[in-house]
Amino acid sequence: MRRAMPLAFGIAVLAIAAACGGNPPPQAPQPNADSLAAAERARQDSLAREQAIRDSIERARREAEERIRRASEDSLAALRRGTEEVRGMVTAMINFDFDKSDIRPGDAQVLDRKLAVLQANPGLTIEIVGHCDERGSDEYNLALGNRRALSAKQYLVSRGIDAGRISTRSMGEEQPVNPGHDETAWAQNRRDEFGITAGGDVLMRPPGM
Amino acid sequence: MTGPVFSSSSPRTLRSPRLVFFPGAPWAWAVAAAVAAWSAPLRAQDTLRPPVEQGVRVGITYTPGLRPGLLVLGGPRRDLLDSVRAIVRRDLDDSDRFEMITLPGSDSLMVAVGAGMGAPAAGTKSGSFVNYALYQALGADYTVDVVDRPDSGIAVMVYDVKGGGVRKAIPVPVTDLKSPDFRFDVHRASDEVVRAAAGTPGIAATRILFENNRRVYRVDADGADAVAITQPGGGTMSPTWAPDGRRMVYSEQAGPIRRLVVVDVASGQRDVVGPTTTGVNFAPAFSPDGRTLAFSRSDEDGTHIYAYNLADHCCLQRLTAGRFSDNLSPTFSPDGRRIAFVSTRAGAPQIYAMSADGTEQELFAPFDYGVTGSSYAPEWSPDGLHLAFHRDVAGTYQIFVMDVASRSVRQLTSAGRNEDPTWAPDGRHLAFVSSRTGTRQIWVMDMDTGRVRQLTRLDGARLPSWSPRVSDTNHH
């Protein structure tokens with residue numbers, strides 16, 4: 001592709017040179033039918049050559065445009081892929097021990113990634129929803145879920161995120177992700193979910209991530 | 001004669017008055033009525049009985065049965081009487097105040113024709129139905145029967161076995177089995193039987209709200225007529241009766257928030273409680289005068305108890321403070337002056353109390369720090385003497401009751417997981433959630449005898465609230 005334009009251009013130049021070089025030198029004004037016909041042919045040839053040049057330029061232009069279009073599509077897709085990846089960092093859940101709202105050491109890293117994303121995307125606002133397993137007391141679980149949501153929010157706010165960018169609420173034990181009745185299910189259900197409430201269409205990847 | 005059969009569904013204390021209930025076998029009644037009527041054509045002249053309350057004359061009850069039209073009159077009437085009899089018998093059993101004595105049909109017929117055995121009734125024709133001497137020998141204090149009234153109504157009769165007369169005749173207004181009020185009218189009569197025999201009314205004419213599959217359900221105190229009364233998809237929780245028994249309040253999910261809705265039960269009219277349109281609002285409780293709603297709210301400030309003047313739609317007041325503790329599940333004392341609630345101020349949730357204005361906060365149910373399990377969901381008994389709640393015992397929940405005066409705490413359950421107790425208006429029965437059969441269902445316990453019965457048989461049930469006694473039929 002990249003070689004096409006010079007090649008076409010070279011052929012065009014050669015064609016012009018051949019056309020010029022191939023013609024007899026102009027003679028004294030002795031017009032005759034043959035020379036008139038020859039002139040006409042030359043004129044026609046010249047028109048055809050000009051057309052060929054125009055065509056080749058047009059072709060080259062279209063090809064260039066196509067390349068630019070593809071390149072920008074590639075970069076949009078890359079941007080979109082990046083946004084998805086960053087969004088995944090924002091929405092990754094964290095889990096809790098039974099009847100606890102402390103952030104577990106492993107989950108601090110998950111929150112640190114969210115922190116970096118929030119810093120890299122000042123327009124991004126999120127919602128944290130606290131959930132509980134079915135073992136706790138039904139109504140108390142609404143309070144416990146609230147504490148879990150506030151706990152994650154506090155982690156982010158204490159590291160510099162504006163409190164107004166994070167809303168919180170509790171679903172108690174009303175929305176389990178795993179409907180089972182064993183420790184595996186309970187462990188999955190004791191969680192904070194993170195949702196994007198605004199500014200999440202294009203997300204910049206935090207530096208170094 | 002094989003002799004009378006004594007049956008009792010569970011061991012009882014011997015303090016309970018003994019109560020004979022006439023059997024409900026239709027044929028036994030038909031025969032007994034025919035025999036009695038044949039031998040007593042002048043029953044209406046019976047003057048040996050004490051005056052009967054409310055104009056019901058005992059003795060003419062089966063006179064229609066003697067007439068040729070017996071079978072015509074008898075069909076639906078027998079169905080009605082038998083249905084009433086079955087409901088009353090169960091209500092009296094569920095009151096847990098009596099030792100129920102059951103006579104099989106054949107024996108009761110023998111008893112019925114054994115004229116002369118009952119002292120006060122001896123020689124009177126109608127006395128053949130109430131054989132006081134025999135029932136006294138069986139250990140009965142009261143005998144209950146369901147009879148026709150001359151005005152085409154029916155009545156529940158309470159006979160005083162020792163005194164030898166009618167203690168009370170309780171008219172039952174409904175004569176149609178298909179009437180929507182039928183069962184509840186009979187329950188009211190049952191409660192009057194309990195009043196006549198035990199001095200305090202029963203709790204049959206009450207209803208329990210609960211939640212199942214995010215909908216509010218209502219069930220009669222005998223377990224009948226369990227129906228959903230809110231639409232699916234409402235995400236409802238915490239249904240709670242108002243003290244007038246005409247309104248209820250519950251928490252419903254509305255997008256990101258949970259709000260409280262007061263519903264007039266008869267009309268279905270809904271009113272969203274004004275200040276509950278932000279945050280997660282739940283676990284509401286009416287003040288005893290019905291004017292104030294206390295509730296819990298979880299939001300950015302944590303979880304706290306608020307009070308709102310429902311009567312004047314004003315004056316939202318936050319009653320608890322503190323950034324580092326959750327406060328929830330308020331319950332008013334019956335005089336309206338105190339509120340018990342759950343707080344995490346000492347770490348694990350425990351039961352505290354405060355004045356209704358939020359002052360004078362104190363630990364209410366004593367606990368040993370780090371030893372006593374977390375405690376939840378307090379409800380003050382209607383007589384003010386007790387506080388019921390549930391507490392973590394070895395990783396599951398059990399029902400506890402605290403004696404308010406002495407602050408002594410006693411565990412009432414041990415089988416399965418048991419939680420969220422609610423008091424019956426008699427102050428001695430509790431409904432609660434139990435998983436003892438595998439699924440969470442509502443159960444009823446009598447605190448005095450320890451007797452338990454299962455109230456619901458659905459795919460699940462939780463968060464019950466027991467109504468006050470309901471005086472009018474317009475309660476559905």
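Chain letters run A, B, ... following the sequence lines, proteins first and then strands; every chain starts at 1.
Contact detail for B:S374 and A:D99: the closest heavy-atom pair is OG-OD2, 4.4 Å. In this structure, B:T344 and A:Y140 approach most closely via the heavy-atom pair CG2-CE1, 4.0 Å. Minimum heavy-atom separation, A:R169 to B:G255: NH1-O, 4.3 Å.
Both the backbone and the side chain of B:A283 come within contact range of chain A, judged by heavy atoms closer than 4.5 Å. Both the backbone and the side chain of A:L142 come within contact range of chain B, with heavy atoms under 4.5 Å apart. In this structure, chain A has no heavy atom under 4.5 Å from any part of B:R297. For B:P349, the part lying near chain A is the side chain, with the backbone staying farther off; criterion is any non-hydrogen pair under 4.5 Å. Only the side chain of B:S329 comes within contact range of chain A, judged by heavy atoms closer than 4.5 Å. Only the backbone of A:I166 comes within contact range of chain B, with at least one heavy atom under 4.5 Å from a heavy atom of that chain.
By the 4.5 Å heavy-atom criterion applied to side chains, B:D326 and A:R147 are counted as neighbours. Using a 4.5 Å heavy-atom cutoff, the side chains of A:E174 and B:Q253 are not in contact.
The stretch residues 108-119 of chain A participates, sequence neighbours left out, in no salt bridge (charged side-chain N to carboxylate O under 4.0 Å, His left out) pair at all.
The CE atom of B:M237 sits 8.0 Å away from atom CG of A:N141, with the distance rounded to the nearest 0.5 Å. The OG atom of B:S298 lies 12.5 Å from the CE atom of A:M171; values are rounded to the nearest 0.5 Å. With rounding to the nearest 0.5 angstrom, the OG1 atom of B:T396 is 10.5 Å from the CZ atom of A:R135. Atom OG of A:S170 is separated from atom CG of B:D299 by 11.5 Å, given to the nearest 0.5 angstrom. Atom OG of B:S435 and atom NE2 of A:H181 lie 11.5 Å apart (nearest 0.5 Å). Taken to the nearest 0.5 Å, the OG1 atom of B:T303 stands 8.0 Å off from the CG atom of A:L150.
B:E419 and A:S137 share no side-chain donor-acceptor pair at under 3.5 Å. There is no side-chain donor-acceptor pair under 3.5 Å between A:E139 and B:S296.
B:E300 contributes a side-chain N or O that, together with a main-chain N or O of A:T168, makes up a donor-acceptor pair within less than 3.5 Å.
With a 6.0 Å radius and a threshold of 12 heavy atoms from other residues, nucleotides or ligands, B:R323 has its CZ atom at or below the threshold. A 6.0 Å sphere centred on CD of A:Q51 holds more than 12 heavy atoms belonging to other residues, nucleotides or ligands.
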Under the criterion salt bridge (charged side-chain N to carboxylate O under 4.0 Å, His left out), I'd like the reasoning laid out for A:D138 against B:R440: C-alpha separation, chi angles, the key distance, then a yes or no.
CA-CA 12 Å; A:D138 295 9; B:R440 294 169 92 188; 3.1 Å; yes
